[in-house]
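Computed from a predicted structure; not experimentally measured.
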Amino acid sequence: MTRITATYDIETPSGLAHAAAVLAGEQSTGTFVRLASETDELRDRSGARVENITQTATAKTPSLPSRKTGDTYERGLVTVSWPMGNFGTSLPTLMSTLAGNLFELAELSAIRLVDVDLPEQFAHDHPGPQFGVEGTRAFMGGHKGPLIGTIIKPSIGFTPDETADLVKTLVTAGIDFIKDDELQANGPDCPFEDRLNAVMRVINDHAERTGKRVLYAVNITDEIDQMWRNLDAMDRVGATCAMVCVNSVGLTGLRAVRSRSKALIHGHRAGWGLFSRSPDIGVDFGVMQKLWRLAGVDHLHVNGLANKFTESDDVVARAARSVQQPISKHGGPAHTAMPVYSSGQTIWQVDPARQLLGNDDFIYCAGGGIMSHPSGVADGVNSLRAAAEAARLDIPLEEFATPNSPLRKAIETFKKPNITLSDF
Ligand SMILES: O=C(O)[C@H](O)COP(=O)(O)O
Ligand SMILES: [Mg+2]
């Protein structure tokens, strides 16, 4: 029987071998005592198996509080496998198994899920992105190069008409992609449908006049039945991109959107720090992004280089590359998605963001980096377009920027960040 394999970084006062066995037991056939009904045959059939243990460190103090303590804490990488018969390819049960009770086990003073190796069957049984990069470009009328985008800022506070006014400035200036902020969904001060209709009038009008269909990722995040109504409303006005906050709606909510959507799904990962920030507990992005892609995101946020958050540039680079890799190394549909760089992005990070991927199949979103341009939002868009062009031509920004141009003003406004990527 095919098995699913996951690797954890654990720390324990009980010895790595014992802790790994407790973990495997709790997450499959076992409990805190051996039951007579847990026969050897049942264990052989359904038990999780410890495949490998590699000790990496020891410490005198625990990384996380626990009711079980000891004199020495061993740290190491533990690989565990499960038979597919336990949960098939169900994503919710995969989560309960790989990322369930084990985070609370008293034998573990640190536990982080760092990798999962999914059998090919997962790639066959789940829809994956409906459109991906090619579909995204097709929705726009055959766009080439990276998508230069922005986030409506202020994130919250605009009425539908004020949002549409800003969108008008953005599309006229030549933006490719606009998204709602995750805080803006369907509040009484800016109702979803009013905002959608007002913005789509601008986008549709621009498309009719120029042939360029700007993507508007409208934030549909809500209860499942409301998200479905939101999709219907999008359909009525020809909207082509639905933003979903994947942590807020969960895998099942995302999958429910995928089952009804005729539009692109733009996955925002707001809340990700809760799962990822501590090295001692949580889940690596490389694991979660596979599940979000299987459930159907076409675009997925990966943070940005020199971002306003805490992740290092190496972590961001790994995340960006991961969504362009096949779901399963054993085969099946690759289900690749478009990485979305966003968080504190300005003219400075476009070039390295492109270089680290080695392709143009990404979305680059700058909210403050466009909206705060000293000579206005339109020049903010122009400066970023120029930065993307400089990146394409492989010319440093300082050299490419003509005097008094929007790019030159952006160079003078935004401090050049220090980007530290270990592989180039
Ligand atoms: O939702 C997002 O991606 C963020 O709000 C990014 O905004 P910023 O570009 O102003 O950091
Ligand atoms: Mg935001």
Side-chain angles (χ1 to χ4, degrees), residues 1-8 24 27-29 45-49 51 79-102 113-136 220 224-225 227-228 231 242 244-269 275 283-302 319 321-339:
M1 158 82 68
T2 316
R3 298 180 77 87
I4 294 159
T5 305
T7 301
Y8 298 88
Q27 296 310 120
S28 60
T29 57
R45 188 173 63 242
S46 307
R49 212 160 61 199
E51 303 286 356
T79 301
V80 181
S81 73
W82 288 262
M84 290 263 296
N86 285 15
F87 47 91
T89 55
S90 158
L91 296 183
T93 317
L94 180 74
M95 280 301 282
S96 309
T97 306
L98 264 56
N101 279 356
L102 45 74
L113 172 56
V114 294
D115 194 19
V116 64
D117 178 8
L118 294 175
E120 177 179 343
Q121 199 56 40
F122 277 84
H124 290 296
D125 286 4
H126 292 279
Q130 190 173 185
F131 303 105
V133 61
E134 293 317 322
T136 298
I220 68 164
I224 290 177
D225 54 355
M227 290 197 285
W228 283 348
L231 287 172
V244 177
C245 294
V246 290
N247 286 312
S248 308
V249 305
L251 286 164
T252 302
L254 175 60
R255 182 64 191 272
V257 171
R258 172 66 176 84
S259 71
R260 290 274 187 115
S261 182
K262 295 180 194 150
L264 294 155
I265 300 176
H266 183 90
H268 194 296
R269 64 177 216 185
F275 303 94
V283 184
D284 271 18
F285 185 79
V287 174
M288 277 314 296
Q289 59 88 23
K290 287 185 188 173
L291 309 194
W292 288 325
R293 281 162 55 200
L294 284 171
V297 293
D298 296 284
H299 310 156
L300 187 57
H301 279 240
V302 298
R321 288 172 178 143
S322 71
V323 304
Q324 295 186 339
Q325 298 301 311
I327 288 285
S328 170
K329 61 183 181 204
H330 309 285
H335 293 317
T336 55
M338 281 182 100

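For the pair Val297/Val244, no side-chain contact is recorded, criterion being any heavy-atom separation below 4.5 Å from C-beta on. Looking only at side-chain heavy atoms (C-beta outward), Met95 and Leu251 come within less than 4.5 Å of each other. The shortest distance between side-chain heavy atoms of Val114 and Val287 does not fall below 4.5 Å. Residues Asn247 and Trp292 form a side-chain contact, since some pair of their non-hydrogen atoms from C-beta on lies under 4.5 Å apart. Residues Leu94 and Ile4 are in side-chain contact: their nearest non-hydrogen atoms beyond the backbone lie under 4.5 Å apart. Here the side chains of Gln27 and Asn101 are in contact, with some heavy-atom distance below 4.5 Å. Contact annotation: the side chain of Arg49 never approaches that of Val80 to less than 4.5 Å [non-hydrogen atoms, C-beta and beyond].
His126 NE2 to Arg258 CZ: the interatomic distance, rounded to the nearest 0.5 Å, is 12.0 Å. Here the OG1 atom belonging to Thr252 is positioned 7.0 Å from the CD1 atom belonging to Ile224, to the nearest 0.5 angstrom. One distance of note links CD of Gln325 with OG1 of Thr336; it measures 9.5 Å at 0.5 Å rounding. Taken to the nearest 0.5 Å, the CG atom of Leu294 stands 11.5 Å off from the NE2 atom of His124. One distance of note links CH2 of Trp82 with OG1 of Thr93; it measures 13.0 Å at 0.5 Å rounding. The distance from atom NE2 of His330 to atom CD of Gln121, rounded to the nearest 0.5 Å, is 12.5 Å.
In terms of modelled atom types and a separation under 3.5 Å, the side chain of Arg255 and the main chain of Leu91 share no donor-acceptor contact. Using modelled atom types, no side-chain atom of Ser90 and backbone atom of Phe87 make a donor-acceptor pair closer than 3.5 Å. A distance-only check finds a donor-acceptor pair linking the side chain of Asp298 to the backbone of Ile265 [under 3.5 Å].
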Query raised in the report: Please walk me through it: do Ser81 and Glu51 pass side-chain hydrogen bond (donor to acceptor under 3.5 Å, both in side chains)?
Result: CA-CA 7 Å; Ser81 73; Glu51 303 286 356; 2.5 Å; yes

Query raised in the report: Checking side-chain hydrogen bond (donor to acceptor under 3.5 Å, both in side chains) for the pair Gln289/Arg293: CA distance, chi angles, key distance, verdict?
Result: CA-CA 6 Å; Gln289 59 88 23; Arg293 281 162 55 200; 2.7 Å; yes

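Taking all atoms of both residues into account, the shortest heavy-atom contact from Arg3 to Pro83 is NH2-CD, 3.8 Å. Closest approach of Pro127 and Ala295 over heavy atoms only: CG-O, 4.4 Å. The shortest non-hydrogen separation linking Phe122 to Gly88 is CZ-O, 3.6 Å. When all heavy atoms are compared, the tightest approach of Ile327 to Pro333 is CB-O, 4.5 Å. Here the shortest heavy-atom pairing between Gln324 and Pro339 reads NE2-CD, 3.6 Å. The two atoms that bring Ser28 and Ser46 nearest to each other are CB-O, 3.6 Å, heavy atoms only.
Side chain to side chain, Thr7 and Asp115 fail the donor-acceptor criterion of an N or O pair below 3.5 Å. A donor and an acceptor atom, one from each side chain of His301 and His266, are located under 3.5 Å apart.
Cation-pi geometry between Arg269 and Phe285 is satisfied (NZ or CZ under 6.0 Å from the ring centre, within 45° of the ring normal).
For the pairing with Leu98, the side-chain contact (heavy atoms from CB on, under 4.5 Å) check across Thr5, Val116, Leu291 returns one residue only, Val116.
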Just distance, no hydrogens or angles: give the donor-acceptor pairs under 3.5 Å from side chains in residues 129-136, sequence neighbours left out.
unit_1	atom_1	unit_2	atom_2	d
Gln130	NE2	Ser261	O	2.9
Thr136	OG1	Gly132	O	2.7
Thr136	OG1	His299	NE2	3.0

